Amino acid sequence: VQLQASGGGLVQAGGSLRLSCTDSGRTFSNYAMGWFRQAPGKEREFVAAIGWSGGTTYYADSVKGRFTISRDNAKNTVYLQMNSLKPEDTAVYYCAARGGGASARRYEYDYWGQGTLVTVSS
């Protein structure tokens, strides 16, 4: 598993971004995927997760109703659609993969991408 995240950038509050995370390996559909984020000076925190088939999703309370996680196994890609962005969403966003079911627990993920920076201006 080799994960490459992209799609970050600078956006005004209330705007939208879509993050992508692509796996260059051949076993993407075997893995549950998660998105986490880390703001300066803070711990890395859970954002959203999706099961291998896409049938199960979990969200942090702080993003529920604004963010949507999805995946396309044919493209080895997981997405995070972020709407109604707030300045407090500013962080480096990481995608991660695990061999079990979708999880909000950071330590349960085996593989991590390099992160993509999202900056939301007020």
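Bear in mind the structure is a predicted one, so any value in this text is a computation, not a measurement. Heavy atoms only: backbone and side chains are in, while hydrogens, waters and symmetry mates are out.
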Lys42, NZ: over 12 other non-hydrogen atoms inside 6.0 angstrom: no
Sub-4.5 Å side-chain heavy-atom contact between Arg66 and Lys86: yes
Cluster overlap Val11 with Leu117, hydrophobic side-chain contacts below 4.5 Å: no
Euclidean distance, Leu80 CG relative to Met33 CE, rounded to 0.5 Å: 11.5 Å
Heavy-atom pair of closest approach, residues Ala13 and Ser122: CB-CA, 4.3 Å
Donor + acceptor pair across side chains of Thr77, Thr22 (<3.5 Å): yes
Pairwise distance OG(Ser121) to CD(Gln12) - rounded to 0.5 angstrom: 5.0 Å
Donor-acceptor contact below 3.5 Å, side chain Thr90 vs main chain Glu88: no
Thr68-Gln81 side chain donor-acceptor pair, cut-off 3.5 Å: no
Phe67 and Tyr93 aromatic ring geometry - parallel, tilted or perpendicular at 30°/60° bounds: tilted
Ring centroid separation Trp112 to Phe36 under 6.0 Å: yes
Under 3.5 Å: donor-acceptor pair, side chain of Asn76, backbone of Gly25: yes
Cluster link Val92 to Phe46, ILVMFWY, side chain under 4.5 Å: yes
Tyr109 side-chain N/O to Ser103 backbone N/O, donor-acceptor pair under 3.5 Å: yes
Under 3.5 Å: donor-acceptor pair, side chain of Arg71, backbone of Gly54: no
Close side-chain approach of Val1 and Phe28, heavy atoms under 4.5 Å: no
Heavy-atom donor-acceptor pair, Gln114 side chain to Gln4 backbone, under 3.5 Å: no
Check: Asp89 side chain, Met82 main-chain N or O, donor-acceptor pair, under 3.5 Å: no
Closest heavy-atom pair and its distance - Gly100, Ala32: O-CB, 3.3 Å
Residues, nucleotides or ligands: over 12 heavy atoms within 6.0 Å of Gln38 CD: yes
Contact check, side chains of Cys21 and Tyr79, non-hydrogen atoms, under 4.5 Å: no
Separation of Leu3 CG from Tyr31 OH (nearest 0.5 Å): 9.5 Å
Basic-acidic side-chain contact under 4.0 Å: Arg106, Glu45: no
Nearest non-hydrogen partners of Val47 and Val63, listed with the distance: O-CG2, 3.5 Å
Lys64 and Asp61 ion-paired at < 4.0 Å: yes
Heavy-atom donor-acceptor pair, Thr116 side chain to Gly8 backbone, under 3.5 Å: yes
Under 3.5 Å donor-acceptor, Tyr111 side chain and Cys95 backbone: no
Spacing of Arg98 atom CZ and Trp52 atom CH2 [to the nearest 0.5 Å]: 15.0 Å
Rounded distance [0.5 Å steps], OG1 in Thr56 versus CD1 in Ile69: 11.5 Å
Nearest atoms (heavy-atom pairs only) where Leu17 meets Gly7: CD2-O, 3.9 Å
side-chain contact (heavy atoms from CB on, under 4.5 Å) assessment of Val118 paired with Leu19: CA-CA 9 Å; Val118 172; Leu19 305 183; 4.0 Å; yes
